[in-house]
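Proteins get letters first, then strands, A, B, ... in listed order; numbering begins at 1 in each. Bear in mind the structure is a predicted one, so any value in this text is a computation, not a measurement.
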Amino acid sequence: MTSIVGTYHDGRSSRAHAVEVECAGGMLHTFGNEVDRSDPLARVVPSAPLSGVPFTLRFADGARVQLPADAPVGEWFPRHHRIEKRVSGWERRGSIAALAVLVVALALAATFIWGVPAVADYAAMHMPTTADRVLGNQSLALMRSHWLRPSTLPEARRAELQQRFREFAAHTGDTGHLSLEFYDSPALGANAFSLGGGIIVVTDALVRTLPDDNAFLAVVAHEMGHQHYRHTLRMVLRGSGVVLVVSVLAGDVSGSTLATAIPVFLLNAHYSRDFEEQADSYAFAALERASISPMAFVRAMRALETAHPELRDDADARYLSTHPVTQERIERALAAAQQFQRNRASAITLPRRSSSRSGSSRSGSTSAGRHPTRSPARP
Amino acid sequence: MHDETLALYPEPAQPAAAAPQQVDRRELFEFRGSAREYFRIWIVNLALSLVTLGIYSAWASVRTRRYFYANTWFAGSPFEYSAQPLPILRGRLIAVLVFGCYILADRISPWLKLAAAGVVAVVLPWLLVRGLAFRARYSSWRGLPFRFEPDFKGAYIWYLAIYVLMIPTIGLIYPWIKKRQQQWVVQHHNYGNSKFDFEADVEDYYLVLFATIGIAILAMLIMAAAAAMGMGIAHAADIDLKRHPLLFLLAMYAIYLPAYLAIYSYNRSRILNLLYNGVRLAGGRLRSTLGFWAMFWIYLSNLVSITCTAGLAVPWAKVRMVRYRTSHIVLETAGDLDAFVAETRAQTDVGALGAEMDGFFSIDIGL
């Protein structure tokens, strides 16, 4: 049996003693420069193995001995640190490290694509609607002090739109808490957004830009979709979740706030695009229920792209944008309009239902161009 | 950006009876870890933390700290970190909960945010004391632990009440506060039965503040010039930045980051130097010679390499920074490093909540 060279500290002074350590018959023998002791293994506590870190064996009286990282301490104490022994074995192997890179990548993707949204949405579902209202009122107050001025639309026109909105909303079942508000805002241009708690803000420029009242309702329907699914609150919760997870992960990494700013931004844009798509789908369904063709949505998009030509974007900007690329939105609206026509036709001519399948679901998308609009933007 | 290396914890030293005729020796700090070795530890532990939904992260953080402490050598002996994972897990769970509420309050309403910030400000000194006590309790060198005397009253004075004076002095008192805070932290540390002491001139803190402001102004001027130049190039090349948000964002970062890091590195290196240079223990003193340009370069290249490798360079970045910092601190002493003795009373266990919380709220204790 060979002894192992180590360093002994008696726990009372900072003096180091060079010693040799042997393990035999359930006893640990430590001897050397002014040290000679034997302790039963049961009275010695070993540290967990870690590559590049010496073992520390702690004795009951506060003394300790340090042994090199490759000492067979694990064999002396088979029942200690079982999990960390296994981990320590993994930490020494390059192949496991490569596997761990893959696991981390997949786990991070799963966390941010499913985990955080799922937990945040679950929390949102269990929060009272007061939370949405507080959020909405706060944002509205903030926006009013910066970008919103009283509406300059004629009183009668506003009343008319309010009336149409109420009739429209009655079809959806989402009536009670919604409030439609008009503001003049040179800074925001032709724009509409949904704040939490049922507040939908429409700018004067938007009303002037849209060609007809149905197009107006299409934009409002999109914002109603945000309200219906409580997107504002869910976005707040998801965003908080991302920050929390990133803080836990980045903990003590140098420059973490700066290095994580871009990924966090992209992630939030990703969630936002999901919500926009959901709100679009809601809008198409709501329009159909009110017997309005989703073509109204297409007209709104096209009118807005003319109003904001500076906002054309490129396909490479897709992941930066909080909204899906407009072409895709228009195509989806066209498909919904197609479906709407078909349903209508089959409702009128019930007996000849089977022959109505031939229409292309993709007509008319050629002229849509790739212009985005800011229309149904949320702040 | 706090604790970017790890709390390079302890500053040991030597005991009394420094004979005046003796010439001071220089005892070196040295980091012996390697980026390759730490990478494997880091990635395996990160994977396990993620797979276990964060539960394992307490074990991961203990292993990380043990690695850095044990590879930091002073006068031929390594430091040791001996905290247990379970208390850290408990502290971490509470910290995550509290921090989650704080972020949420921040996003829901400014009033809630204000209230939350108020609550945090009131408990912060308490957490600070607990955090310092925890770290000291489980850090040791040559078998003797460090200790932080829990002085809650002092914490509330120096980390809360004193800020009232910022108002009448329009902030000019800040360097003095900073000095007193460092002094308070250092003076409440013990190694064995030897007390740490702190000596520094408040003038030096004022010089650092003014120089930082000067660098900030200079950086802003350079930033403005760079932005104007970038705009000019974009115009000349007929690139409409509004149509290339990605390009625009990258350009913004390219201008903003170096400027921010320059200001940060200057302030950080100088404040750390002031802290370490003030430390006295039993006749010895620390000498810290962290350089502005060196720190700036490390921060900048770390950030670039972490971004370019999607985070895989984190271990290398961390090891570099720690290696630089440890290699620029020495202890000047004439005394005998073997002669420290332990306190007679035994230390009790310390809860980990404070130590876990300060990681989230960026309590900069400057160690």
**Prompt:** Do you see a donor-acceptor pair shorter than 3.5 Å between the side chains of A:S51 and B:R40?
**Reply:** no
**Request:** State whether a side-chain donor-acceptor pair under 3.5 Å links B:R65 with B:Y138.
**Result:** no
[X] versus chain A, heavy atoms under 4.5 Å apart: side chain, backbone, both or neither?
| X | result |
| --- | --- |
| B:L312 | side chain |
| B:F39 | side chain |
| B:Y56 | side chain |
| B:L48 | side chain |

Under 4.5 Å from a heavy atom of chain B, the part of [X] involved:
| X | answer |
| --- | --- |
| A:R93 | backbone |
| A:E91 | both |
| A:V101 | both |
| A:Q66 | side chain |
| A:T7 | neither |
| A:A63 | neither |

**Message:** Contact between B:W141 and B:Y69 at the side-chain level, heavy atoms closer than 4.5 Å - yes or no?
**Reply:** no
**Asked** Are A:L135 and A:M235 close enough that some pair of their side-chain heavy atoms sits under 4.5 Å apart?
**Response** no
Looking at [options], which one has more heavy-atom pairs under 4.5 Å with chain B than the rest?
| options | result |
| --- | --- |
| A:A48, A:A16, A:A110 | A:A48 |
| A:V65, A:V87, A:L237, A:L102 | A:V87 |
| A:A97, A:G196, A:S13, A:G11 | A:S13 |

**Spatial distance of atom CD (B:E80) from atom NE2 (A:H9) [nearest 0.5 Å]** = 8.5 Å
**Message:** Can you classify the ring geometry of B:Y299 versus B:Y264 as parallel (below 30°), tilted (30 to 60°) or perpendicular (above 60°)?
**Reply:** perpendicular
**Request:** For the pair B:F99 and B:Y102, name the ring-plane relationship: parallel under 30°, tilted 30 to 60°, perpendicular over 60°.
**Result:** parallel
**Prompt:** Would a line drawn from the ring center of B:F31 to the ring center of B:F68 be shorter than 6.0 Å?
**Reply:** yes
**Prompt:** Which of the residues B:S49, B:A47, B:S34, B:G76 is involved in the greatest number of heavy-atom pairs with chain A at under 4.5 angstrom?
**Reply:** B:A47
**Request:** Determine, step by step, whether A:E34 and A:Y8 satisfy the side chain to side chain donor-acceptor pair (under 3.5 Å) criterion, reporting the C-alpha distance in whole Å, the side-chain angles of both residues, the deciding distance to 0.1 Å, and the verdict.
**Result:** CA-CA 10 Å; A:E34 293 172 43; A:Y8 179 84; over 6 Å; no
